[in-house]
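Report on the following structure.
Just so it is clear, the structure is predicted and the values come from calculations on it, not from any experiment.
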2 protein chains.
Amino acid sequence: MASERPPSPTRGSYAKGVARRQEILDRAIEVFAQRGADKTSLRAIASEVGVTHAALAHYFGSLEELLVAVYRESERKGGRRPVADPDVTPVEIMRISARENREVAGLVQLYSMLVASALEEGHPAAREFATDRFAQQREKLATRVRSNQRAGLIRADVDADAVAALVIAASDGLQTQWLLDPDAPQDAALTLLEDLLAGPQHS
Amino acid sequence: MASERPPSPTRGSYAKGVARRQEILDRAIEVFAQRGADKTSLRAIASEVGVTHAALAHYFGSLEELLVAVYRESERKGGRRPVADPDVTPVEIMRISARENREVAGLVQLYSMLVASALEEGHPAAREFATDRFAQQREKLATRVRSNQRAGLIRADVDADAVAALVIAASDGLQTQWLLDPDAPQDAALTLLEDLLAGPQHS
DNA sequence: GTCTATACGAAGATAGAC
DNA sequence: GTCTATCTTCGTATAGAC
């Protein structure tokens, strides 16, 4: 309790690196929000952060890994605590998530770019990011669907895994359409899906 | 019917250019299918076609415009005649389209990349392509939905425009998930949506 | 471990020769 | 109209100072 003992010599020097990495990441997020996901090269970020582009490569390995880190960190910061109430529908979950993402400039664009890269060969970082994310989201939403079904909020005759995949796909796709054309019926389409899933008894 | 009159001298010299452009486009499609949407640079295409990368820039203006041309031409060639039967559901339309797209290697990846680029600023060609495509698809499908509703194939109490946007979003998103994880319930989710839209009387 | 300096090859764009 | 030559910028890799 008195004086903090310094970390062991063999691993002590990690502290600075971790803090520095976080500092760079925070700045990179700002740069990203301002310049857009596309024009943000390693050199551009490095220049604005105040380091050389080689330093970024040192901390993050590659541009793509930096982009993944930026997205994960942006989402972590912008995201409120996960919705605890099990009676909230999957569509409402995606609605909340979409609203949060839209508040962070460039985040949806970055997500779209990462997913597109993941589809190409030779992009392991993006591929892993997208694959994991879809799998986790599908599992999380499927669990919620089953809970909703027990509570009578979602009709019992639909497959929970299919619903999860469908809701994610619809949410992603509608967000894209909305960015390209704000007149596209994003909310209406999402609400429609929600009503359809609620079953015949929906108000 | 006898002999084709050559085009007028003032515009005749276009003929060679148009033919050459088409020839380059055909080769570019093959190169694309083999190498993937990502690693296909202007130089790579030019090298395989047998011209310099500057020639491609001359014919297509920019890499992005070439990519848009490649996608449009690939889709035109792969697409069968449009489905005439007005009783085919929008979901079935997207299923057919998805099946055709999947037969052309790299086409879905290219589409995903173009849409992602369209979301970024400073990509007018991709932006125009994606905006137009979504608008056309929404209009086409909405008309079909209304027809389906009159025929009793789709429940009458849903908004046709919202259905169109929803079906497109679901189809695009599910195709992406399927590419990243073939175990994702793509068909099940699409069929689910189809059944939900059919209404309470669905078998 | 952290980071700078530097070099390399490849990319898209463009000016101007032919 | 077509293409060579060149410009700038990019991501990555390495060597070595601290």
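- Separation of atoms CG (A/L67) and CD1 (A/I45) is listed at 6.5 Å; rounding is to 0.5 Å.
- Using a 4.0 Å heavy-atom cutoff across all strands shown, B/A54 reaches at least one base atom of the nucleic acid.
- Other residues, nucleotides and ligands place more than 12 heavy atoms under 6.0 Å from the CD atom of B/E23.
- The interatomic distance linking B/K39 (NZ) with D/dT12 (P) rounds to 13 Å, in whole Å.
- We find that CD1 of A/I24 is positioned 13 Å from C1' of C/dT4, with the value rounded to whole Å.
- Proximity of B/T52 to the phosphate of D/dC3: no side-chain N or O atom is located under 4.0 Å from OP1 or OP2.
- Residues in residues 84-99 of chain B take part in these salt bridge (Lys or Arg N to Asp or Glu O under 4.0 Å) pairs, two or more places apart or across chains: B/E92-B/R95, B/R95-B/E194.
- Separating the OH atom of B/Y59 from the P atom of D/dC3 is a distance of 6 Å, rounded to the nearest angstrom.
- Rounded to whole Å, atom P of D/dC10 lies 11 Å from atom CG of A/D38.
- When only modelled atom types and interatomic distance are considered, A/T131 and A/E128 share no side-chain donor-acceptor pair under 3.5 Å.
- Between the C1' atom of D/dC10 and the CG atom of B/L63 lies a distance of 14 Å, rounded to the nearest Å.
- Side-chain atoms of A/V83 and A/I93, non-hydrogen and from C-beta on, do get closer than 4.5 Å to each other.
- In A/Q22, the CD atom is crowded: over 12 heavy atoms of neighbouring residues, nucleotides or ligands sit closer than 6.0 Å.
- Near DNA chain D, meaning a heavy atom under 4.0 Å away, the residues from residues 41-51 of chain A are A/S41, A/L42, A/R43.
- Nucleotide C/dG12 holds its P atom 14 Å from the CZ atom of B/F60, rounded to whole Å.
- Atom CG of A/L66 is separated from atom C1' of D/dC10 by 15 Å (rounded to the nearest Å).
- Side-chain N/O atoms of B/H53 and base N/O atoms of C/dA11 include no donor-acceptor pair closer than 3.5 Å.
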Do B/E120 and B/S117 pass the side-chain contact (heavy atoms from CB on, under 4.5 Å) test, and can you show the C-alpha distance, the side-chain angles, and the key distance before you say yes or no?
CA-CA 5 Å; B/E120 304 280 343; B/S117 295; 5.7 Å; no

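- As rounded to whole Å, 18 Å separates atom P of C/dG12 from atom NE2 of B/H58.
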